[in-house]
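Step one of this worksheet: look at the structure below.
Quick caveat, the model's predicted, so the values are computed rather than measured.
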Amino acid sequence: MSHEHVSDSRPWAARKPQSFVMSGILVAVAVALVWQGLAYINAGTGALVPYFIVFGGPVLAIYYIWYFSFRRFESDGIENE
């Protein structure tokens, strides 16, 4: 007799409604990073780092929004025994 336990393979933060909350937080962090990076650029401080903040912050936010909201965890090739 086999006891198969079928469960959701998605991490807790990638399940609904947590993924909506995480996406909202990530959008807010991306906006704050761009705002702070632009403030550093306008103040003339930080040399190249503010430019990395302005471009890198939204890129990371987009990646993690995709990861938490749109990635298919079922296709990882992990088989349940």
Taking only distance into account, with no hydrogens and no angle test, what donor-acceptor pairs under 3.5 Å do side-chain atoms of residues 30-48 form with protein atoms, sequence neighbours excluded?
unit_1 : atom_1 : unit_2 : atom_2 : d
Asn42  : ND2    : Leu38  : O      : 3.3

Quiz item: What pairs meet the side-chain hydrogen bond (donor to acceptor under 3.5 Å, both in side chains) rule with one or both residues in residues 46-62, with sequence neighbours excluded?
Solution: none

Validation: residues 55-65 side-chain donor-acceptor distances under 3.5 Å, sequence neighbours left out:
none

Under 3.5 Å, which donor-acceptor pairs link side chains of residues 16-28 to any protein atom two or more places apart or in another chain?
unit_1 : atom_1 : unit_2 : atom_2 : d
Lys16  : NZ     : Ser19  : OG     : 3.4
Ser23  : OG     : Ser19  : O      : 2.9
Ser23  : OG     : Ser69  : OG     : 3.0

